Structure formats: C-alpha cells, structure tokens
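Right, one structure below, let's go through it.
Atoms within each ligand, like the ligands themselves, are counted from 1 in listed order. Because the structure is predicted, anything quoted here is derived from the model rather than measured.
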Amino acid sequence: MSIVIAVDGTAASGKGTLAKRLARHFGFAHMDSGALYRLTALAVLANEGDPAREADALKGARSIDLSRAGDPAIRTDIIGKAASQVAAIPSVRAALHDFQKNFLAHPPGGSPGAVMDGRDIGTVIAPDANAKLFVDAAPEVRAHRRWLELSGMGIGRNEAELLAEIVARDHADRTRAVSPLKQAPDADLLDTTSLGIEPAFAAALRLVQPRIDSALKASPRG
Ligand code: CDP
C-alpha cells in the first residue's frame with residue numbers, strides 16, 4: 001500500500017502549490033486532479049461542445065490529452081468554469097475515477113506515496129488517506145492570488161470579476177449532487193488567508209508530518 005496525502009479545498013486556495021511542496025518534501029508523486037477536469041473541459045471546447053451536456057462532456061473525458069496537463073491554456077477562468085460544469089456530471093467523474101485511484105495505488109516512478117489535490121480526494125477518491133488537508137482562504141485573498149497568477153501568464157483580468165467567478169464556482173462545487181466540495185470529517189483545516197507560501201507550507205507540514213511518520217513506521221519500505 002502506498003502512502004496517500006489528500007489535499008482538498010476551494011478554488012485558488014493554494015492547495016496545488018501546497019500539494020506540490022508536500023510531494024517534494026516527502027519524495028512522493030503528485031497529481032493535480034483538477035487538471036483532469038480542466039483537460040476534459042479543454043477537449044469539449046475544442047470540439048465546440050457544451051460542457052454542461054453529458055454526451056459532449058463524457059466524450060471529452062474519454063479523450064483527454066494528459067501531455068497538456070502543464071499547458072497554461074487550461075489555467076484560464078473560462079476553462080475553470082467549464083471544468084466545474086463537466087465535473088458535476090456523474091459519468092464524467094466515473095470515467096476519471098479509476099485513473100486517480102490507480103495513480104494513488106501505484107505512484108509513478110516507484111514513489112512510496114502520492115499527494116493528490118482536488119475537491120473530493122479525502123471524501124471519495126481516497127477516504128482512507130493517511131493525511132488529509134482542507135485548504136481555504138477568504139474569497140478576496142483567493143481572487144487576488146488568481147489575479148497575480150493570471151497576470152504572470154500575461155492574462156489581464158478584472159479582480160472583482162475574478163472574485164465573482166471564484167465565489168460562483170465554489171458555490172457550484174459545494175452544492176452539486178455528486179462528490180461535492182466539502183471537508184472530510186477527519187481532514188485538518190488549513191486557512192491560508194494570512195499565510196504566504198512558506199508559512200502555509202510550514203503549517204501544512206506541522207499537520208501532515210506526524211501522520212506520515214506514523215504511516216512510514218507502520219509499513220516500512222525497503
Ligand atoms: O485551480 P482551481 O482551484 O481554481 O481549480 P482546479 O483545482 O483546477 O479545479 C477546476 C474545477 O474542477 C473545480 O472547480 C471543480 O469543479 C473540478 N474538480 C472536481 O470536481 N474534483 C476534483 N477532484 C478536482 C477538480
């Protein structure tokens with residue numbers, strides 16, 4: 001059994017950055033599950049499909065191009081909104097389910113563990129994860145971070161509009177019927193409102209390290 005860290009949270013809460021840092025710290029593999037939904041959305045829009053229509057969305061989920069997971073084109077808010085739409089469709093989630101489970105069970109590169117970030121990792125994909133974080137921050141702070149991120153990619157956006165989009169997407173993610181965004185009962189809440197990247201990582205490590213230490217002790221690997 002590999003060791004699993006589940007990092008869930010709201011849009012632009014910093015969960016991806018934290019997940020990456022945790023993976024590097026422990027020498028684990030990392031997967032951003034949001035990229036799967038964003039790639040699905042990209043495929044749907046490239047085919048001029050409707051992300052809210054099951055047939056189009058499912059076709060997109062079955063044709064995602066994983067080599068584009070790092071492509072800045074999937075980071076736009078248009079893709080983010082379409083990702084949230086395809087993510088509300090149960091058959092789309094089912095189509096992406098096994099890939100995520102398999103990544104956690106057999107992390108690439110023979111890593112002893114994996115870190116996955118998303119919305120339903122601690123609740124649905126890996127309910128038995130060794131450590132679970134739920135990352136959140138005040139919406140205004142998240143909108144500002146997203147504005148900085150998009151600016152860095154050369155995409156100029158109005159911050160108030162970004163705030164409205166983030167709030168709307170969180171609402172859609174929290175209220176959908178299937179795998180809604182919510183904190184698992186055994187997840188540790190990490191509020192990064194007043195924490196920059198380094199303090200947020202230090203706080204995450206304080207929560208996660210003891211759990212990983214005991215998991216490593218319980219199942220030492222060779
Ligand atoms: O980066 P950001 O937090 O804005 O979004 P993301 O993690 O890339 O996820 C984009 C969208 O995919 C979310 O708004 C969710 O609707 C969906 N998603 C999901 O439903 N389940 C996941 N495990 C990950 C993402």
Presence of salt bridge, Arg142 and Glu149, under 4.0 angstrom: no

Over 12 foreign heavy atoms within 6.0 Å of NE2, His97: yes

Backbone or side-chain N or O of Arg119 under 3.5 Å from ligand 1 N or O: yes

Arg169 and ligand 1 - part of the residue with a heavy-atom distance under 4.0 Å: side chain

Gln85, Arg93, Arg145: member with heavy atom nearest to atom 19 (C) of ligand 1: Arg93

Atom 17 (C) of ligand 1: nearest protein contact (heavy atom, Å): Ala87 CB, 3.7 Å

Spacing of Ile125 atom CD1 and Met116 atom CE [to the nearest 0.5 Å]: 7.0 Å

Flag, side chain of Asp117 to backbone of Lys15, donor-acceptor distance under 3.5 Å: no

Non-hydrogen atom of Ala12 closer than 4.0 Å to ligand 1: yes

Gap separating the CG atom of Asp8 from the CG atom of Leu181, nearest 0.5 angstrom: 7.5 Å

Heavy-atom nearest neighbour in the protein, as seen from atom 12 (O) of ligand 1, with distance rounded to 0.1 Å: Tyr37 CB, 3.6 Å

For ligand 1, the portion of Met116 having any non-hydrogen atom under 4.0 Å away: neither

Candidate with minimal heavy-atom separation from atom 5 (O) of ligand 1, of Arg75, Arg38, Arg146: Arg38

Heteroatom proximity flag, Asp117 to ligand 1, N/O under 3.5 Å: no

Heavy atom of the protein closest to atom 15 (C) of ligand 1 (residue, atom name, distance): Asp173 OD2, 3.3 Å

Ligand 1 to Lys15 polar contact by distance, N or O atoms, under 3.5 Å: yes

Ile5 side chain near Val208 side chain, heavy-atom distance below 4.5 Å: yes

Gap between atom OG of Ser33 and atom CZ of Arg119 - 0.5 Å precision: 7.5 Å

Spatial distance of atom CE (Met31) from atom CZ (Phe99) [nearest 0.5 Å]: 4.0 Å

Protein contact of atom 24 (C) of ligand 1 - nearest heavy atom, named by residue and atom, plus distance: Ser33 OG, 3.4 Å

